[in-house]
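What follows is one structure encoded as structure tokens, with my remarks underneath.
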Number of protein chains: 2
Amino acid sequence: MKREIPNETVFPDHSAAAISDARKEESSLHGEILARLRDYIVEGNIADGGRIPERQLCAMFGISRTPLREALKVLASEGLVDLLPNRGARVRQLSARELAELFDVMGGLESLAGRLACENIEEQEVAEIERLHYEMYGCYLHRDMQGYFRINQLIHQKIVEASRNTTLMAAYANFAGRIRRIRYSANFARKRERWGEAMREHELILDALRRRAGSELSDILFQHLRNKQAAAVEYMDETSVHTTNRDQSSTLNSKK
Amino acid sequence: MKREIPNETVFPDHSAAAISDARKEESSLHGEILARLRDYIVEGNIADGGRIPERQLCAMFGISRTPLREALKVLASEGLVDLLPNRGARVRQLSARELAELFDVMGGLESLAGRLACENIEEQEVAEIERLHYEMYGCYLHRDMQGYFRINQLIHQKIVEASRNTTLMAAYANFAGRIRRIRYSANFARKRERWGEAMREHELILDALRRRAGSELSDILFQHLRNKQAAAVEYMDETSVHTTNRDQSSTLNSKK
DNA sequence: GCTACTATTATTGCATTCACTTTTTGACCA
DNA sequence: TGGTCAAAAAGTGAATGCAATAATAGTAGC
């Protein structure tokens, strides 16, 4: 009764994750599989903690086990899957604590991005973010949540880009991928009364950015993410029963 | 004439990098190779940009190509090596810009760690850091650079640990590994006149930590890393000629 | 003597195969 | 009927083999 949300339209920020290592992922079977498998997992096609039988995925992608296993190793190092010795790969299940940790790290990265952005951003980019901000404000007034979140993501992405730090951008994309499944749901669970608060925070963000107040912006962004964290963790606790067996398709039996 | 420095004694912080994914690296050949190869590269046994022929490494580790290739893929995703399609792996050569970016990201992570530490650190841990601080001050007075840097690293590590955020700790270890080679050299190149400055910054750090002034500590730590960044980049520029062909053993011909 | 083209060699990418561990199934015993 | 042990099945970990691409050397032409 709650989720039949069109995935792609709301979060088209594949771009962020894709950019980071697009060079090596475009050619070579391994790279393609890595990208496809990552997307497949991030989009929530396998249940949390669900087993990932190699053979099945091989059949699904039409390849042999070698490149698939290479991709799994990389995804494990990215924190998306767990690799149990001799017992296969599982989609990494995030505990509430890990989720909170991830949000804090995201907060740290955005905080850094804001600080650096104040050093490097150009007037024109501030103007663009300003434009987005008011557009988002329009969504807020019209209670258009989907539009709001789309632009919201875009603004944060623009700030990260304005840091002019590609290493930071790659790390940001990496961590964003790890929480995207949950963040997606959490956005919608966000209490309406918090919406106004978030909007106010965004005004502070814009203001600090205009004044190039790096340290200040840094604080605001961290606090902003802390509030998102609270919403996400709260949502996770509420729905923790449902998340164990979500949608699924493959062998989802999380028996143990 | 300049570098015959005992590696291990100065930077025994293998621990940091090892902790992050020690679970999966202890058993399984792939994991062991991953750890060994990472150490091998981090310790600077292959020249920057030097080719890494699979066969040779296989012989060196006494294994077949499969687990080695898996390890290389992971190291590529960690940013330690470049994987050129059909043309093998090379040790990732850091430009001055990338090095600066990495230091800023480290600054962001330490900044975050400081903020979180102020929320979570216990009195006893502050006391321990305080103790280390004064011990380090002793090294400063005695002009004992090696001791200074060892304790310096330890203090930063303790702050990161006090964040109580294992995700952050893992990310920190990851990025630390990427700059360790250069950082190692850069520490020694650090101008003596900057030493006093660094020592003063550390007093600010301790003070902010005592007062649990998270936001303030966050600023100080970022700035502290910025100064380290300046020293490292400066050193890199000075010695850029020498770094291309360092020590080397394997096929180091960085002909292109 | 230098450049361009071809043939040979070496190396990478992926598939396949073999060995070993885990899991499951079934039988025997309590 | 329930539990334990054993044997078979399934799945993973790593090595080998094969095809394709890039690097190298050698030859011919200018």
Side-chain angles (χ1 to χ4, degrees), chain A residues 21-37 41 46-47 49-77 80-92 250-256, chain B residues 21-38 41 46-47 49-77 80-92 249-256:
Chain A
D21 21 27
R23 337 178 262 296
K24 64 166 173 282
E25 286 184 1
E26 45 204 24
S27 68
S28 97
L29 192 46
H30 154 264
E32 188 197 326
I33 293 301
L34 176 58
R36 286 176 62 187
L37 185 54
I41 291 173
I46 306 179
R51 270 191 73 169
I52 314 174
E54 294 181 357
R55 308 276 301 281
Q56 188 171 332
L57 286 177
C58 288
M60 175 174 157
F61 291 119
I63 56 164
S64 86
R65 285 174 53 217
T66 309
L68 181 91
R69 286 172 52 79
E70 290 172 350
L72 281 175
K73 296 285 193 301
V74 173
L75 292 179
S77 92
L80 267 157
V81 304
D82 277 330
L83 246 43
L84 308 164
N86 285 315
R87 299 175 63 209
R90 300 180 111 85
V91 174
R92 175 138 207 206
S250 48
T251 58
L252 74 162
N253 36 9
S254 43
K255 70 176 63 169
K256 74 158 311 174
Chain B
D21 21 28
R23 336 178 261 297
K24 65 166 172 279
E25 287 184 1
E26 44 203 27
S27 69
S28 95
L29 192 49
H30 154 264
E32 188 197 325
I33 293 301
L34 176 58
R36 287 177 62 187
L37 185 54
R38 178 162 41 214
I41 292 174
I46 307 178
R51 268 190 75 171
I52 314 174
E54 294 181 358
R55 306 277 302 280
Q56 189 171 331
L57 286 177
C58 288
M60 173 174 157
F61 291 118
I63 55 163
S64 83
R65 286 175 51 217
T66 309
L68 182 90
R69 285 172 54 78
E70 290 172 349
L72 282 173
K73 297 286 193 301
V74 173
L75 292 179
S77 92
L80 268 157
V81 304
D82 277 331
L83 245 44
L84 308 164
N86 286 316
R87 299 176 62 213
R90 298 179 113 83
V91 174
R92 174 138 208 208
S249 59
S250 48
T251 57
L252 73 162
N253 35 10
S254 42
K255 70 176 63 170
K256 71 159 312 173

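- In this structure, CG of A/L84 is placed 22 Å from P of D/dA10, rounded to the nearest angstrom.
- C/dG13 atom P lies 15 Å from atom CD1 of A/I33, rounded to whole Å.
- Each of B/R92, B/R87, B/K73, B/R90 was checked for a salt bridge (charged side-chain N to carboxylate O under 4.0 Å, His left out) with B/D82, and the lone residue meeting it is B/R92.
- At least one side-chain heavy atom of A/L37 sits under 4.5 Å from a side-chain heavy atom of A/L72.
- Between A/R69 atom CZ and D/dG11 atom P there is a gap of 14 Å when expressed in whole angstrom units.
- Atom CG of B/L68 is separated from atom CZ of B/R36 by 11.0 Å, given to the nearest 0.5 angstrom.
- Considering only the side chain of A/S64, C/dA15 comes nearest among C/dA15, D/dG17, D/dA14.
- Going from atom CZ of A/R55 over to atom C1' of C/dT16 covers 12 Å, rounded to whole Å.
- Residue A/R51 has its side chain nearest to D/dG11 when only D/dA15, C/dC14, D/dG11 are considered.
- With rounding to whole Å, B/F61 atom CZ is found 16 Å from D/dA14 atom C1'.
- In this entry the distance linking CZ of B/R65 with P of C/dT17 reads 18 Å, nearest Å.
- In this structure, B/R90 places its CZ atom 11 Å from P of C/dT12, rounding to the nearest Å.
- Atom OG1 of residue B/T66 and atom CD1 of residue B/I33 lie 12.0 Å apart, to the nearest 0.5 angstrom.
- One finds a side-chain N or O of B/R87 lying less than 4.0 angstrom from the OP1 or OP2 phosphate oxygen of D/dA23.
- Side chain of B/I63, nearest nucleotide from D/dG11, D/dA14, D/dA15: D/dA15.
- Rounded to whole Å, the distance from NZ on B/K73 to C1' on C/dC14 is 10 Å.
- When the nearest nucleotides of DNA chain D are assigned to A/G88 and A/T66 by heavy-atom distance, the more 5′-ward of the two goes with A/G88.
- With distances taken from any side-chain atom of A/N86 to the nucleotides D/dG13, D/dA22, C/dT11, the minimum falls on D/dG13.
- The side chain of A/E54 sits closest to D/dT12 out of D/dT12, C/dT16, D/dA14.
- With rounding to the nearest 0.5 Å, the separation of NE2 in B/H30 from CD in B/E70 is 5.5 Å.
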